[in-house]
**Q** 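Let me begin by handing over the structure; questions about it come next.
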Amino acid sequence: MRDARVRPDTDETDVLIVGAGPVGLTLALGLARQGARCRIVDRDAGPSPTSRASELHARTLEVLDAMGAAEDVLAAGLVLRVITFISRGRCVARISTAGIDSSFPARLAIPQSDTERILESHLAQAGVTVERERELLDFVDDSAGVTATFHDARGERTAIRAGWLVGCDGVHSAVRQHLGLAFDGEDYPGVWAIVDARIDGWACPPGEVFVFLGRDTMWSGALPNGCRRLYFRHDANTALPRAEEAQAVLERHAPGARIREVVNRGAFRIHRRMASRFRVGRVLLAGDAGHVCSPSAGVGMNAGMQDSANLAWKLGLVVAGRAPESLLESYEVERKAADGVALSLSHEAQTDMLVSDAVHDRALAVHLAKSTAQMLATEAGVELQIHYRESSIVAGVRDGMRAGAEAWPAGPAPGDRIADAGPLVPVAGQQRSLRDVLRGPHHTLLVLAGEADDESRRRYTGLITRTMDRLGATVRGYLVIIADGPPAEAGAAAIMADPTLSVHGRLGAAADTMYLVRPDGYLAFRSEPPDPVALDAYLGQVFLKP
Ligand SMILES: Cc1cc2nc3c(=O)[nH]c(=O)nc-3n(C[C@H](O)[C@H](O)[C@H](O)COP(=O)(O)OP(=O)(O)OC[C@H]3O[C@@H](n4cnc5c(N)ncnc54)[C@H](O)[C@@H]3O)c2cc1C
């Protein structure tokens with residue numbers, strides 16, 4: 001029976017997002033760009049003015065680039081180039097972020113409040129406004145949809161009907177609790193403090209992060225407003241840290257440095273937990289609602305935003321009736337594994353920060369002296385090495401046989417992230433990079449055909465055109481050939497030249513090869529030689545016929 005005190009909101013939607021933090025906003029933006037109807041609600045009256053996460057990582061910047069928001073965050077942020085580890089007054093290791101395999105700086109310092117502001121403004125441009133002062137009370141999933149009840153600032157209750165509900169409502173998620181899901185893990189002992197302060201007398205380059213190891217550990221990062229963020233142990237005291245306390249910790253590590261002004265401060269406990277499931281029926285979890293970790297590796301928000309990038313295109317296809325609901329099963333499988341890596345990484349960083357002894361210092365110095373080890377550590381830290389090779393929705397075919405990751409000696413295996421390359425020169429218009437070609441809410445079909453003869457060109461453009469006809473706007477296709485300049489004629493499918501062989505090299509196309517890239521930038525399908533039957537079988541698994 002309907003509760004008479006609850007006013008039904010007649011504006012039904014495909015996806016209802018609870019929580020307008022960075023994860024909910026990223027999901028809403030991704031869905032809006034897919035053309036899905038979505039609404040996003042938050043219990044707070046306005047965006048949070050305080051900054052918790054202070055860094056965006058390379059992989060997250062790639063995600064934001066695909067959604068058209070990277071330029072704005074880059075303009076508001078500060079590029080961090082070096083991380084220096086100091087133990088007992090001596091520098092024991094320096095990691096440079098130069099040379100990582102991404103078009104974006106490894107780490108960008110930007111307050112979480114600025115990231116949220118930029119996402120919200122892009123979302124508004126896409127026609128979606130955050131509905132504030134609506135707190136989720138409960139919901140019912142009746143397998144045809146979800147009815148969620150909210151409480152507004154005037155005390156009124158409203159019921160919103162949606163096809164799907166996604167809980168992006170943070171670590172104390174009401175959605176997760178309502179589902180009765182376990183949130184197992186551990187709580188680290190003690191309380192930690194963050195203090196953002198203007199500091200005099202410390203010749204600390206702005207793009208440099210310092211980690212002071214040991215029981216008296218202190219992490220010091222830079223912020224774009226000229227402040228430094230200090231992160232240190234605060235014992236069991238949950239009161240806000242005082243300036244004198246921060247000054248005392250700072251002085252022990254940087255003698256002579258003086259805090260001129262404290263701009264932001266907070267005290268928090270640290271947890272490492274993950275929800276037992278990320279999806280139950282028509283309800284899903286993303287971000288802190290599903291997993292939480294120590295901020296010491298700076299991955300919590302970044303991992304959550306990547307959950308949203310993974311979920312947005314899948315939900316977008318499902319609500320458009322272009323993919324079966326079973327596609328959503330891959331969200332939990334892929335992201336639980338990736339978020340598990342984020343949890344381990346932050347656990348290691350949290351544990352390492354507290355260690356300082358001669359053996360540990362020397363081991364760290366020896367390990368990070370090798371440039372390959374440095375590069376691996378940096379790329380792992382900014383989530384460039386995350387892959388979905390084990391997922392059931394990625395596939396490879398080589399010479400007519402199913403091919404796992406080991407079958408591809410060069411270039412990405414199915415499930416790997418596609419890194420940038422280029423230039424690519426179209427028949428008309430400006431040259432573009434691979435990143436430009438892949439950017440957007442669609443899948444991208446590429447056939448790399450070297451110096452293809454006329455017959456091969458006709459065959460491959462036919463394959464691309466048929467696929468685009470079958471899938472409509474959800475896929476764009478291009479034939480890429482090796483030529484010095486713009487190809488002579490377009491034919492039915494777009495054709496581009498790869499004059500420096502950079503794209504052929506990057507994708508490992510030693511022979512004619514076909515690649516289907518997902519909207520989140522990971523390789524869905526690879527076949528060598530391009531196998532139209534295998535592609536059809538793959539598409540039949542992931543997509544529904546229009
Ligand atoms: C001190 C500190 C430093 C950190 N540093 C970093 C860092 O450097 N890098 C990093 O990647 N991560 C960092 N993190 C973690 C990061 O802040 C979180 O991972 C991130 O905020 C998670 O985003 P979210 O959108 O999932 O949740 P949140 O940001 O918590 O947003 C949840 C939203 O849901 C709303 N909400 C909650 N309940 C309801 C309800 N019942 N109804 C309606 N709305 C509701 C809330 O008002 C809120 O707006 C740090 C965290 C802390 C505490």
Side-chain angles (χ1 to χ4, degrees), residues 16-28 39-57 59-60 80 107-113 115-116 119-120 130-139 148-153 158 160 165-178 191-196 209 219 221-223 229-232 234 240-241 264-271 273 275 285-308 339 342-343 345-346 349-350 381-383:
L16 176 59
I17 300 167
V18 181
V23 174
L25 291 166
T26 307
L27 179 62
R39 291 174 66 176
I40 175 165
V41 295
D42 199 287
R43 69 175 171 209
D44 288 349
S48 164
T50 57
S51 170
R52 285 178 289 158
S54 59
E55 287 183 14
L56 286 172
H57 291 172
R59 183 63 201 131
T60 316
L80 301 173
R107 288 169 180 258
L108 186 79
I110 176 168
Q112 182 168 329
S113 46
T115 302
E116 291 178 18
L119 285 169
E120 198 167 339
V130 177
E131 301 172 37
R132 300 224 168 251
E133 299 191 74
R134 287 193 159 191
E135 179 171 6
L136 178 80
L137 294 178
D138 61 27
F139 57 85
T149 309
F150 293 86
H151 185 267
D152 71 17
T158 322
I160 301 180
L165 183 137
V166 188
C168 300
D169 49 344
V171 65
H172 303 293
S173 171
V175 176
R176 186 188 66 238
Q177 289 176 27
H178 193 79
V191 176
W192 290 75
I194 48 165
V195 170
D196 297 342
V209 173
W219 181 95
L223 291 170
R229 168 161 289 191
L230 307 179
Y231 166 49
F232 54 89
H234 191 42
L240 287 178
N264 171 39
R265 60 201 174 118
F268 56 95
R269 292 186 188 276
I270 304 177
H271 322 275
R273 295 182 174 277
L285 298 177
D288 275 19
H291 48 88
V292 63
C293 61
S294 155
S296 46
V299 291
M301 177 184 76
N302 286 276
M305 291 168 75
Q306 289 164 45
D307 290 347
S308 294
D339 293 329
L343 259 61
L345 201 71
S346 53
Q350 177 71 26
V382 293
E383 294 127 296

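All heavy atoms count here, side chains included; hydrogens, waters and symmetry mates do not. Treat the numbers as computed from the prediction; the structure is a model and nothing was measured. First listed ligand is number 1; within each ligand, the first listed atom is number 1.
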**Q** Which atoms from ligand 1 have a heavy atom of Gly300 less than 4.0 Å away?
**A**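 Counting atoms of ligand 1 from 1, those under 4.0 Å from Gly300 are 10 (C), 11 (O), 12 (N), 19 (O).
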**Q** As a quick check of understanding, evaluate side chain to side chain contact (heavy atoms under 4.5 Å, CB included) for Leu56 and Met301, giving each step before the final call.
**A** CA-CA 8 Å; Leu56 286 172; Met301 177 184 76; 3.6 Å; yes
**Q** Between the main-chain N or O of Val23 and the side-chain N or O of Ser308, is there a donor-acceptor pair closer than 3.5 Å?
**A** yes
**Q** Quick one: does Asp169's side chain have a donor or acceptor within less than 3.5 Å of a partner on Val175's backbone?
**A** yes
**Q** As an exercise, identify every atom of ligand 1 less than 4.0 angstrom from a heavy atom of Asp44.
**A** 47 (O)
**Q** What atoms in ligand 1 come closer than 4.0 Å to a heavy atom of Arg134?
**A**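 Per the distance check, 42 (N), 43 (C).
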**Q** Does any N or O in the side chain of Gln112 come within less than 3.5 Å of the main-chain N or O of Ala53, such that one atom is a donor and the other an acceptor?
**A**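 Here the side-chain-to-backbone pair exists.
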**Q** So, the side chain of Arg176 versus the backbone of Ala289: is there a donor-acceptor pair under 3.5 Å, distance only?
**A**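 Here the side-chain-to-backbone pair exists.
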**Q** So if I count the atoms of ligand 1 from 1 in the order they appear, which ones are less than 4.0 Å from some heavy atom of Gly19?
**A**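 Going through ligand 1 atom by atom, the ones under 4.0 Å from Gly19 are 33 (C), 34 (O), 35 (C).
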**Q** Report the nearest protein non-hydrogen atom to atom 45 (C) of ligand 1: residue, atom name, distance rounded to 0.1 Å.
**A** Arg43 CG, 3.8 Å
**Q** Specify the protein heavy atom at minimum distance from atom 23 (O) of ligand 1: its residue, its atom name, and the distance to 0.1 Å.
**A**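 Checking every protein heavy atom, the shortest distance to atom 23 (O) of ligand 1 gives Pro22 CG, 3.5 Å.
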**Q** Run down the list Pro295, Ala193, Ala148, Pro111 and name the one with the heavy atom closest to atom 4 (C) of ligand 1.
**A** Pro295
**Q** Check whether any N or O atom of Glu135, backbone or side chain, sits under 3.5 Å from an N or O atom of ligand 1, and answer yes or no.
**A** no
**Q** Show the atoms of ligand 1 that are less than 4.0 angstrom away from any heavy atom in Ser54.
**A** 7 (C), 8 (O)
**Q** Should the ring pair Tyr231 and Trp192 be called parallel, tilted or perpendicular, given that the plane angle runs from 0 to 90° and is split at 30 and 60?
**A** tilted
**Q** Any non-hydrogen atom of Gly304 lying under 4.0 Å from ligand 1?
**A**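 In this structure, Gly304 fails to qualify as a contact of ligand 1 - no heavy atom is under 4.0 Å.
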**Q** Which of the numbered atoms in ligand 1 are below 4.0 angstrom from a heavy atom of Val23?
**A** 23 (O), 24 (P), 25 (O), 26 (O)
**Q** For ligand 1, which atoms, with element, lie under 4.0 Å from some heavy atom of Leu136?
**A** 40 (C), 41 (N), 42 (N), 43 (C)
**Q** For atom 13 (C) of ligand 1, which candidate among Ala303, Ala53, Ser308 provides the closest heavy atom?
**A**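 It is Ala53 that holds the nearest heavy atom.
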**Q** Looking only at non-hydrogen atoms, which of Glu133, Arg52, Met301 approaches atom 53 (C) of ligand 1 most closely?
**A** Arg52
**Q** What about Phe268: any of its N or O atoms under 3.5 Å from an N or O on ligand 1?
**A**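 No, Phe268 has no N/O under 3.5 Å of an N/O on ligand 1.
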**Q** Going by distance only, is there an N or O of Asn302 that falls short of 3.5 Å from an N or O of ligand 1?
**A**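 For ligand 1, there is an N or O atom that lies under 3.5 Å from one belonging to Asn302.
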**Q** Among Asp169, Val292, Asp288, which one has a heavy atom closest to atom 36 (N) of ligand 1?
**A**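 It is Asp169 whose heavy atom sits nearest to atom 36 (N) of ligand 1.
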**Q** Does any non-hydrogen side-chain atom of Met305 lie less than 4.5 Å from one of Thr115?
**A** yes
**Q** Gly287 heavy atoms, cut-off 4.0 Å: which ligand 1 atoms fall inside?
**A**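 Atoms satisfying the 4.0 Å criterion: 26 (O).
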